[in-house]
Amino acid sequence: MSQKKIFLVFVAISTVSLLLHHGGHLSWTMGAFHIGCPALRSHPAPGLKPKHTNVVFLKTHKTASSTMQNLLFRFAERHNLTAALPVQACSNQFCYPRSFTSHFVHPHTLPPNIIASHMRFNKAELQRLMPNDTIYITILREPGSMFESLISYYNQYCQSFKRVPNGSLEAFLEEPWKYYQPDEKDSMYARNTLTFDLGGDKDRPAKDEAYARGFVAEVDRVFSLVMIAEYFDESLVLLRHLLSWDLDDILYVKLNMRTPSSKRSLTPGLPSKIRAWNSLDARLYDHFNASLWRQLSVLGLACVAREVQLLRRAQESLMRSCFGGRMPLLRSAAQIKNKDLRPWQPSEKVDIVGYDFPVNLSHGFSSQAQELCIKLIMPEVQYTQVLLRSQSLRYSRSYQLRSQQQTHPQVQRSQPPPAAAGPASGTRSTSTSKPAAGTQGEIT
């Protein structure tokens with residue numbers, strides 16, 4: 001029996017066992033595990049390592065990365081951290097598809113703890129910008145479903161897709177070189193998109209075995225965790241252990257989803273054609289999917305299954321508390337009254353759904369609770385704008401304070417001497433940040 005089948009059996013057994021022994025009520029702060037599985041304890045608690053707060057998340061395309069970005073934005077706000085955001089000329093991405101450089105980072109969001117917006121990966125530039133102890137993570141998706149999503153989402157932007165009659169996936173894969181031109185605008189959406197996002201050569205021939213092996217090995221060296229979209233919750237369990245976070249830190253709601261009518265089922269033979277056309281992406285996925293399950297096995301599949309169940313229970317509880325005791329309904333953008341919650345629509349042919357916050361519930365909520373619930377379901381574009389405003393305000397206040405201290409130095413002298421130096425709560429780690437680069441670096 002494969003590891004995945006064993007894991008699913010553990011999930012089923014775990015659910016029944018936990019319900020029987022806990023009367024249907026779970027607490028993720030208690031040790032609701034079999035002997036041998038670590039109890040979930042929340043910070044602060046004796047023996048727990050401090051939360052790791054310096055993180056680069058390479059946000060790949062059509063991989064559930066918007067959900068992950070929202071999680072990281074909320075973590076940054078909750079812990080008073082700084083999330084690097086793009087300059088206004090780059091919109092909500094770091095001038096993608098250009099290779100990342102620190103010039104693309106808004107000055108009011110420097111120096112950063114967290115990066116989670118779309119970019120084309122540039123290791124050298126990021127290492128100069130981020131602290132030395134930064135942990136790098138990213139996420140991949142099965143090539144077949146991902147390519148179907150790409151051609152659906154970008155059919156009005158990518159010329160390689162626009163040339164195809166009726167946007168037919170079958171027609172494109174039958175003769176891809178008839179439609180695909182590697183050097184034109186937005187061609188990265190039409191071939192090996194994951195490889196391109198990671199800084200690689202999307203058009204390297206499949207027969208170049210040495211390049212493929214070397215590229216996968218380099219990604220493995222740089223990224224401490226490569227999540228898999230099909231096993232999102234299991235990936236979050238690994239993330240929580242890697243960063244020493246609490247279960248509350250990894251709660252999420254699925255964002256940026258298409259309606260079923262916007263999706264196409266893959267006919268027999270298409271998945272193999274997609275893998276052949278996106279051979280580098282397929283190689284990445286196969287390698288890191290296997291790597292993910294090796295890491296889960298080290299934690300113990302039974303322990304992972306129970307933690308996944310606790311995560312899902314906690315998420316359901318949070319969602320019900322936000323939406324008046326029931327789970328929220330997905331709505332089309334036209335049905336969402338609050339414009340701050342309307343997801344961006346790529347074209348008339350694709351319907352991206354979101355959530356609306358019930359107006360009648362807002363009266364019974366504290367402003368803090370209401371803000372948490374709204375940001376939990378806030379789309380990427382709006383959240384980026386909200387976060388930039390709040391961080392710019394914090395930057396301005398800090399700048400004014402520094403100016404006053406320089407103008408009136410006697411105020412500082414009248415204060416008692418400071419205590420011994422130590423890390424400030426809710427700020428950057430003690431690692432020294434490398435200076436931001438002034439020129440564009442090389443692609444990995």
Side-chain angles (χ1 to χ4, degrees), residues 49-61 63-73 75-76 79 81-86 93-94 96 99-102 104-105 109-141 193-200 214-229 231-232 234-245 249-250 280-281 284-285 287-289 291-292 294-295 428-437 441-444:
K49 293 192 301 183
K51 294 182 183 182
H52 196 94
T53 55
N54 295 321
V55 179
V56 167
F57 172 64
L58 178 64
K59 188 178 188 297
T60 49
H61 288 82
T63 58
S65 62
S66 294
T67 300
M68 188 62 199
Q69 180 195 53
N70 179 279
L71 183 155
L72 289 166
F73 279 177
F75 180 86
H79 294 83
L81 304 173
T82 299
L85 299 172
Q93 306 179 2
F94 288 111
Y96 184 87
S99 184
F100 176 80
T101 170
S102 58
F104 300 157
V105 181
T109 65
L110 292 171
N113 301 101
I114 287 175
I115 298 182
S117 299
H118 277 306
M119 68 167 70
R120 188 175 188 206
F121 190 70
N122 184 332
K123 181 178 72 172
E125 280 286 294
L126 286 164
Q127 287 180 335
R128 281 192 283 268
L129 178 67
M130 297 297 292
N132 294 331
D133 68 344
T134 297
I135 287 179
Y136 292 79
I137 59 176
T138 189
I139 187 167
L140 308 180
R141 182 179 176 185
T193 307
L194 294 172
T195 299
F196 183 87
D197 288 352
L198 285 160
F215 183 69
V216 170
E218 174 66 11
V219 174
D220 215 346
R221 279 192 296 270
V222 173
F223 290 85
S224 299
L225 174 63
V226 177
M227 303 170 65
I228 298 295
Y231 305 105
F232 192 77
E234 293 79 11
S235 297
L236 284 179
V237 170
L238 289 176
L239 177 77
R240 193 189 73 78
H241 285 265
L242 174 67
L243 302 179
S244 189
W245 286 7
D249 296 323
I250 60 172
L280 286 171
D281 280 9
L284 283 167
Y285 180 83
H287 176 88
F288 287 105
N289 185 34
S291 173
L292 179 90
R294 286 194 298 270
Q295 294 175 72
R428 294 169 64 88
S429 77
T430 55
S431 297
T432 303
S433 175
K434 296 184 179 180
E442 296 294 323
I443 297 172
T444 303

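The residues of the chain are indexed from 1 along the displayed sequence.
A donor-acceptor contact under 3.5 angstrom links the side chains of Ser99 and Asn122, judged on distance only. Residues Asn289 and Tyr231 have side chains that never bring a donor and an acceptor to within less than 3.5 angstrom of each other. Residues Ser291 and Gln295 have side chains that bring a donor and an acceptor to within less than 3.5 angstrom of each other.
One distance of note links CD1 of Ile115 with CG of Leu129; it measures 5.0 Å at 0.5 Å rounding. The CZ atom of Phe57 lies 5.5 Å from the OG1 atom of Thr138; values are rounded to the nearest 0.5 Å. Atom CZ of Phe288 sits about 9.5 Å away from atom CZ of Arg294, to the nearest 0.5 Å. For the atom pair CZ of Phe232 and CZ of Arg141, the computed distance is 12.5 Å after rounding to the nearest 0.5 Å. For the atom pair Thr134 OG1 and Asn54 CG, the distance stands at 4.5 Å (nearest 0.5 Å). Between the CG atom of Leu194 and the OH atom of Tyr285 there is a distance of 11.0 Å, given to the nearest 0.5 Å.
Taking 4.5 Å as the limit, every side-chain heavy atom of Leu292 sits out of range of all side-chain heavy atoms of Val226. For the pair Ser244/His52, no side-chain contact is recorded, criterion being any heavy-atom separation below 4.5 Å from C-beta on. When side chains are defined from C-beta on, Leu236 counts as touching Met227, because their heavy atoms get closer than 4.5 Å. Taking the side chain as every heavy atom from C-beta outward, Asn113 and His79 never approach each other to under 4.5 Å.
With respect to Leu280, the side chain to side chain contact (heavy atoms under 4.5 Å, CB included) criterion is satisfied by exactly one of Leu198, Thr195, Val216: Thr195.
Looking at Arg120, its side chain never comes within 3.5 Å of a backbone N or O of Phe94 through a donor-acceptor pair. Not one N or O on the side chain of Asp249 forms a donor-acceptor pair closer than 3.5 Å with the backbone of Arg240. Between the Ser65 side chain and the Thr60 main chain, a donor and an acceptor come within less than 3.5 Å of each other. Here the side chain of Ser224 pairs no donor or acceptor atom with the backbone of Ile135 at under 3.5 angstrom.
Remark: Asn70 pairs with Arg74, Leu255, Tyr383 by the side-chain contact (heavy atoms from CB on, under 4.5 Å) rule, at least two apart or across chains.
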Go through the steps for Phe73 and Ser117 under the test side chain to side chain contact (heavy atoms under 4.5 Å, CB included), then give the verdict.
CA-CA 10 Å; Phe73 279 177; Ser117 299; 4.0 Å; yes
Side chain to side chain contact (heavy atoms under 4.5 Å, CB included) evaluation trace for His287 with Val219
CA-CA 11 Å; His287 176 88; Val219 174; over 6 Å; no
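The two residues Leu140 and Thr63 make their nearest non-hydrogen contact at C-CG2, 4.2 Å. Pairing each heavy atom of Val105 with each of Leu110, the nearest pair is CG1-CD2, 3.5 Å.
Between Phe75 and Trp245, the two ring planes are parallel [angle under 30°; tilted spans 30° to 60°]. Below 30°, between 30° and 60°, or above 60°: for His118 and His61 the angle between ring planes is below 30°, a parallel geometry.
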